[in-house]
Amino acid sequence: MNVGLLGCGHIATALAEGWSRPDVPDRLRPSVWGYDVRPEAAAHLAGLTGATVVDSPEALVAATDLLVVAVRPVEVQAALTGVAAHLGGRPVVSLAATVTIPTLLGWLPEGTPLGRVIPNVAVAQGCGLLVWADGTLGETAADVRAVFGVLGEVTDVPEHLFDEATVVAACGPGFAALFIEAFEEAGVAVGLDWQTAADLALGAVAGTVELVRRSEDTGGVRRAVSTPGGMTIAGIEQLELARLRPALMAAVRAAVARGRGTG
Ligand SMILES: NC(=O)c1ccc[n+]([C@@H]2O[C@H](COP(=O)([O-])OP(=O)(O)OC[C@H]3O[C@@H](n4cnc5c(N)ncnc54)[C@H](OP(=O)(O)O)[C@@H]3O)[C@@H](O)[C@H]2O)c1
């Protein structure tokens, strides 16, 4: 499939990097094309991934079977209005946070097959999360999903919960990176050198992810390392006193509100 990236910024580049990984089988690897109003952004993406750059949105649509809209939410209407007349029934997938399928359809020719996906940055490594809604993709849905499926785990989410899922999946790497960084610094605070603290903090989190993935039981993992009256439970008590859980709930709520322009 020939995939056109309309906008070649951060997330488009992560998608193109994921599709250009050497371990993607050729039969699943799309040919990637890109257009950006900033030619340097498109050139950067092409330099990293081997994608082909074109110099107009019309040329992008003409060269491709699937249009992926990767511009900022406020730019989507103008970008879609610019290409609408050239789509000729091609499917479109929007990456824009907070812009709903009914809104997007209002900017597209009637009958356009349209889906929504919110990828997180880990798609660049093929281990991303992709919050997904088939929308009006209809019979094109299976092929379009397959193209995104090589980038990570595609999770269907009802559109009315898309903003919430966007925060957990796509803002999640920011929250998790902050935790790892703070954990590393805590190791330094008790006397480890920076490198050792960084290696141990990241290794502990990565190993825990695998344990939880296999057992699907965060409580079981916590109990297994919490000897009664021991070291781990002493640390957990401090995290609970510092209100880690309500802090995360507030963080997710604030991010959802900011996406909707209400916070
Ligand atoms: N970043 C993430 O982790 C992430 C995750 C999931 C979803 N998303 C969604 O993905 C979209 C892109 O986010 P981003 O972080 O990649 O943004 P970004 O880095 O700002 O990239 C957007 C690019 O599109 C260009 N552009 C603007 N209007 C255009 C047009 N009409 N035609 C072609 N290119 C145009 C922008 O140029 P100018 O800078 O000159 O405007 C910019 O280079 C957003 O809607 C966001 O909600 C992002």
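Here the structure is a predicted model, which is why all the values come from computation and not from measurement. Remember, it's 1-based here, ligands and their atoms both numbered in the order they're listed.
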Just need the protein heavy atom nearest to atom 17 (O) of ligand 1, so name the residue and atom and give the distance. R72 CG, 4.0 Å
Are P119 and ligand 1 in contact, using a heavy-atom cut-off of under 4.0 Å? yes
For ligand 1, which atoms have a heavy atom of A97 less than 4.0 angstrom away? 45 (O), 47 (O)
Proximal atoms of ligand 1 relative to G7 (non-hydrogen, under 4.0 Å): 24 (O), 33 (C), 34 (N)
Suppose I only count heavy atoms of Y35 and a 4.0 Å limit; which atoms of ligand 1 are within that range? 32 (N), 33 (C)
the protein heavy atom lying closest to atom 43 (O) of ligand 1 turns out to be D36 OD2, 2.9 Å
Honestly, for E75 the part within reach of ligand 1 (heavy atoms, under 4.0 Å) is side chain
Main-chain N/O of V150 paired to R21 side chain as donor or acceptor, under 3.5 Å: yes
Going by heavy-atom distance to atom 45 (O) of ligand 1, choose the closest among L6, V71, L95. V71
Just need the protein heavy atom nearest to atom 26 (N) of ligand 1, so name the residue and atom and give the distance. V37 CG2, 3.5 Å
Would F183 and F179 count as a close aromatic pair, with their ring centres under 6.0 Å? yes
I need the atoms of ligand 1 closer than 4.0 Å to a non-hydrogen atom of P73, numbered in the order shown. 44 (C), 45 (O), 47 (O)
Given 3.5 Å as the limit, does a donor-acceptor pair link the side chain of R90 with the main chain of V61, or not? yes
Does some non-hydrogen atom of A70 fall short of 4.0 Å from ligand 1? yes
Give the atoms of ligand 1, by number and element, whose distance to some non-hydrogen atom of I118 is under 4.0 Å. 6 (C)
Donor-acceptor pair, distance only, cut-off 3.5 Å: does the side chain of E184 make one with the backbone of L202? no
Heavy-atom donor-acceptor pair, T196 side chain to L192 backbone, under 3.5 Å: no
In the protein, which heavy atom is nearest to atom 21 (O) of ligand 1, and how far is it? G9 CA, 3.2 Å
Would you say D36's side chain and P39's backbone share a donor-acceptor pair under 3.5 angstrom? no
For the pair T112 (side chain) and L114 (backbone), establish whether a donor and an acceptor sit closer than 3.5 Å, ignoring hydrogens and angles. no
Under 4.0 Å from any heavy atom of A79, which atoms of ligand 1 are there? 31 (N)
Among all protein heavy atoms in this structure, tell me which lies nearest to atom 19 (O) of ligand 1, with the distance rounded to 0.1 Å. H10 ND1, 2.8 Å
When you measure from atom 16 (O) of ligand 1 to every protein heavy atom, which one gives the shortest distance, and what is it? I11 N, 2.9 Å
Would you check if the side chain of N120 reaches a backbone N or O of A169 as a donor-acceptor pair within less than 3.5 Å? yes
Please report the C-alpha distance between D55 and Y35 in whole Å, then the side-chain angles of each, then the deciding distance to 0.1 Å, and finally whether the side-chain contact (heavy atoms from CB on, under 4.5 Å) criterion is met. CA-CA 6 Å; D55 60 8; Y35 166 73; 5.6 Å; no
Can you tell me if D65 uses its side chain to pair, donor with acceptor, with the backbone of N2 under 3.5 Å? yes
